[in-house]
Amino acid sequence: MTAVVDTFRSIVGADHVLADPDVCRGHETDWTGRFQGTATAVVRPGSTEEVGAVLARCTALGISVIAQGGNTGLVGGGVPRPGGRPCIVLSMLRFADLGAVDTQSMQVTAGAGVTLAAWRDHARRAGTDTPVDFAARDSATIGGAIATNAGGSRVLRYGTMRRQVAGIEAVLASGETVGSLAGLPKETAGLHWPSLLCGSEGTLAVVTRARLRLVPLFEQATTALVATRSITDAVALLALVRDSVTSLDAAEVVMPAAMEIIVGHLGRRCPVEAPSAGCFVMFDCTDRFDPTDQLTAALAADGARPLVVDAAVATDATQRSRLLDFRDRITEAIASAATSLGTPPFKLDVAAPLATLDDLIDTASRVADHDGARLIPFGHLAEGNLHLNFLGATDHVAIAAAVLGRVAELGGTISAEHGIGIAKAPWLHLIRTPADLAAQAAVRKALDPAGILNPGVLDPSPPDTSGTQEP
Ligand code: MLT
Ligand code: ZN
């Protein structure tokens with residue numbers, strides 16, 4: 001393998017090929033500690049040409065390529081997996097370039113390694129804002145967000161990452177570059193690379209740059225944390241709020257078990273109380289004019305009043321940020337609890353029709369009780385997107401089978417925003433027909449005949465090796 005590593009050194013420079021096992025470890029393990037494998041090297045290209053040369057070499061040598069951004073993925077799609085062919089981690093973090101903000105087209109070009117936070121700060125300095133935001137913003141990258149078609153809290157207003165990509169530059173397994181960064185809002189000329197690559201999880205090409213949409217920067221903001229008697233009431237309340245609050249940016253759901261863990265983690269009392277079978281909703285509004293009256297009027301309206309058990313409203317930036325912590329920092333709280341338990345959390349990111357969310361939470365609670373695990377549910381209410389976290393779970397396969405099976409029966413999806421990765425590949429058949437899967441495999445084969453790009457990811461066929469513990 002030394003000769004192979006030398007080949008990569010000759011392409012990207014010796015400083016940008018990491019082969020020391022201690023140095024590579026951070027790239028070989030996902031941040032939850034749930035997924036892990038070994039790479040021959042971590043290769044850090046600095047240009048599209050270098051990505052092309054590395055991919056062409058890997059195709060010729062039969063070396064798998066796992067493209068990696070900030071390594072914040074939750075389904076094992078961005079780290080090596082045990083067994084199989086030798087692989088490299090292709091770290092895209094050197095693609096950190098951000099172009100000038102074009103306030104006429106409301107677009108900017110960003111490298112795949114730019115973090116969500118850097119994209120947002122850059123946009124804000126030019127008086128614009130970014131339409132996608134989520135808690136891992138300081139590490140998660142544009143390339144990863146495109147690969148997983150990431151969501152986050154602003155989907156309700158602006159849609160997922162797929163809607164934000166106006167142009168893309170990517171490199172095929174052959175080493176050839178495809179796509180365009182022109183960002184034309186209207187163009188009909190056959191295959192649309194952004195549509196094909198968003199959500200493809202590094203299996204069709206490696207994204208190097210994207211032309212991204214921007215949205216207006218609203219200086220005025222109001223946040224409300226509201227308690228309801230049930231998730232069904234929360235859904236009814238959301239419908240009323242959406243109807244009259246035009247500035248609604250986010251409607252996040254926090255179930256009592258999630259509130260309990262975040263309260264403990266922050267060491268702060270929750271300013272509102274919900275019944276044990278109830279739930280909390282965090283409404284966030286941003287606008288050019290102070291949206292407080294609009295939001296509070298909606299929450300106090302005749303239809304809404306019986307649904308709201310308790311509420312706290314914040315307009316001042318510090319108070320808002322303290323309130324938003326009760327949602328934004330739940331993942332951090334779960335990770336910390338898992339570390340104390342000595343076992344990574346088992347995470348299922350799912351979505352179901354809004355009318356079925358109570359059924360989904362009931363199912364997950366029963367499954368958790370049966371396993372002896374502690375269920376921590378929270379998520380993005382408007383999309384019916386629940387993050388079902390199981391702490392101290394023992395039988396991951398049984399939990400996944402029961403919960404994902406029920407999600408499919410309810411007409412939902414087994415992944416709403418985290419992707420399929422390797423974790424959920426065996427369950428793809430629940431939401432995709434054999435014809436869907438065969439067509440997907442054919443597209444993949446056409447673009448990557450040697451099968452080097454992220455093998456195992458999005459692939460429902462049984463793995464060719466053992467050693468992966470996750471379902
Ligand atoms: C979130 O909404 O906070 C993220 O998707 C992270 C998570 O599910 O843990
Ligand atoms: Zn989320």
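Just so you know, ligand 1 is whichever comes first in the structure, and atom 1 is the first atom listed for that ligand. Because the structure is a prediction, the values reported are computed rather than measured.
Ring geometry, F346 versus F390: the interplanar angle falls from 30° to 60°, so the pair is classed tilted.
A salt bridge between D133 and R137 is present, with a side-chain N of the basic residue lying under 4.0 Å from a carboxylate O of the acidic one. Remark: R209 engages D97 in a salt bridge, criterion side-chain N to carboxylate O under 4.0 Å. Of the charged side-chain nitrogens involved, none lies within less than 4.0 Å of a carboxylate oxygen, so that E28 and R25 do not count as a salt-bridged pair. Taking 4.0 Å as the cut-off between side-chain N and carboxylate O, D129 and R154 count as a salt-bridged pair.
When distances from the Zn ion (ligand 2) to the N, O or S atoms of H387 are compared, NE2 comes out shortest. Taking the Zn ion (ligand 2) as reference, the nearest N/O/S atom within E417 carries the name OE2.
Residue-ligand proximity, T331 to ligand 1, at heavy-atom distances under 4.0 Å covers atoms 3 (O), 6 (C), 7 (C), 9 (O). For ligand 1, the atoms closer than 4.0 angstrom to any heavy atom of K347 are 9 (O). Close approach of ligand 1 to H380 (heavy-atom distance below 4.0 Å) involves ligand atoms 2 (O).
Under 4.0 angstrom from ligand 1, the non-hydrogen atoms of F378 all belong to its side chain.
When distances to the Zn ion (ligand 2) are checked against a cut-off of 2.8 Å, H418 contributes no N, O or S atom below that limit. Taking backbone and side chain together, D349 holds no N, O or S atom under 2.8 Å from the Zn ion (ligand 2).
Two residues are said to be in side-chain contact when any heavy atoms from C-beta on lie closer than 4.5 Å; L381 and V235 meet this criterion.
In this structure, the separation between OG1 on T203 and CD1 on I452 is 12.0 Å, given to the nearest 0.5 Å.
Comparing heavy-atom distances from atom 3 (O) of ligand 1 across H387, H418, R327 singles out R327 as nearest.
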